There are 2 protein chains.
Amino acid sequence: MLRLTKKADYGLMALKYLAEHPDSVSVSAKDIADTYGIPPQLLAKVLQRLTKVGLLRSHAGMNGGYELSRGAQTISAFEVIHAIDGPLFITSCTKGSKSCDLEPSCTIKEPLARVNDSIAGVLKSISIHDMADFDVSAGHGMESQPLVMLTRA
Amino acid sequence: MLRLTKKADYGLMALKYLAEHPDSVSVSAKDIADTYGIPPQLLAKVLQRLTKVGLLRSHAGMNGGYELSRGAQTISAFEVIHAIDGPLFITSCTKGSKSCDLEPSCTIKEPLARVNDSIAGVLKSISIHDMADFDVSAGHGMESQPLVMLTRA
DNA sequence: TGAACTGCGACAAAAATAGTCCTATACTGG
DNA sequence: CCAGTATAGGACTATTTTTGTCGCAGTTCA
Ligand code: FES
Ligand code: FES
């Protein structure tokens, strides 16, 4: 439950990869797909989507490929997920557009919308750069501190 | 994406309902299903699951039904969702048991596990009681403050 | 006893995801 | 200007997950 789609996963992996290889001017979808063993055509579509929303710049032709259109610090996980998996969130009904069938009786929508916002906040606070492993090398004793602290409002 | 299943929705609605009706000794699945217009048999199963994990107490026979086994303040949204939708989370692979096919190459697992924990934290910090609307009556000017504040660690 | 419940397991239907295929277009290098 | 490598994207199929149904067994109570 509450699972990211594989497409979103792929997208995040690709962006992370790009963030970690600033040297390469542009990397092809196939290259990334190969290194991670994911379906090239599927990844291609994901990258196309990310290009469309402006997170990536693409370049066709030989030695073509993709590159980040801005710094990895400025790209949040939220943006990526949003671009790939659509608007989003928690409740079965999308609060914006189409009302779900149990709209009138549903008592849970409003409280969950707030949970929703909190989760969106978490996702927004994490950038591709945060996820990238710039291998500060050496022993990484403890690397499992949460990225975000929570406090009741 | 990142959507709660309807079952989880139903479960939360039911618990919220029970929290708001402490007077009734026990309420049948059908009663709740009727008031919200959701499939009775499906809700029944959800409630059975919640009973199994100990969040509810059930009572068969006429005038039977369910009641909260503890105070609404002590039941977190996390518990409910976990009980209904299974262990959980974000990444396509469940970190515990079965490894996903791209386990060895996946570079994103560990960072997302932390996001995951943060989200779990949000869910854990919200109780059924928080979601229940005990109608403090009167004008409720602003009721849309987030339930949780976020601060970078 | 029988009506109104819960408790399950096995299905079936529907929807969302994942992945493939095919064609068009763009750029590069020679 | 041609061949090869890429992106762009629509249509389609396959797979998996979610949602919902059915039937039957056990319980409680009047
Ligand atoms: S789930 Fe749609 S209104 Fe509550
Ligand atoms: S998605 Fe499974 S290991 Fe990364």
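What you are looking at is a predicted structure, and each value in this text was computed from that prediction instead of being measured. In the text below, chain A, chain B and the rest are named by the order of the sequence lines, each starting its count at 1.
Not a single donor-acceptor pair, N or O on each side, falls under 3.5 Å between the base of dT16(D) and the side chain of Lys6(A). In this model, no side-chain donor or acceptor of Gln41(B) finds a partner on the base of dG20(D) within 3.5 Å. If you check distances only, the side chain of Lys52(A) never reaches the base of dG9(D) with a donor-acceptor pair under 3.5 Å.
Residue Lys30(A) is out of contact with every strand shown, counting any heavy-atom pair closer than 4.0 Å. Nucleic acid contact class of Ala29(B) (heavy atoms, under 4.0 Å, all strands): sugar-phosphate only.
Smallest separation of non-hydrogen atoms from Ala132(B) and Lys16(B): CA-CE, 3.5 Å.
Distance from the side chain of Thr5(A) is smallest for dT17(C) among the nucleotides dT17(C), dG26(D), dG7(C). The side chain of Arg3(B) lies closest to dA16(C), out of dA18(C), dA8(D), dA16(C). When distances run from any side-chain atom of Leu42(B) to the nucleotides dG19(C), dA4(C), dT19(D), the shortest one goes to dT19(D). Set against dC5(C), dC8(C), dG9(D), the side chain of Gln48(A) has dG9(D) as its closest nucleotide.
Residue His59(B) is the one, among His59(B) and Pro40(A), whose nearest nucleotide of DNA chain C lies closer to the 5' end (criterion: closest heavy atom). Take the nearest nucleotide of DNA chain C for Asn63(A) and for Ala8(A): the residue whose nucleotide is more 5' is Ala8(A). Map Thr51(A) and Met62(A) each onto its nearest nucleotide of DNA chain D; the residue landing nearer the 5' end is Met62(A).
Applying the side-chain contact (heavy atoms from CB on, under 4.5 Å) test between Glu79(B) and each of Leu50(B), Leu55(B), Ile84(B) identifies Leu55(B) as the sole match.
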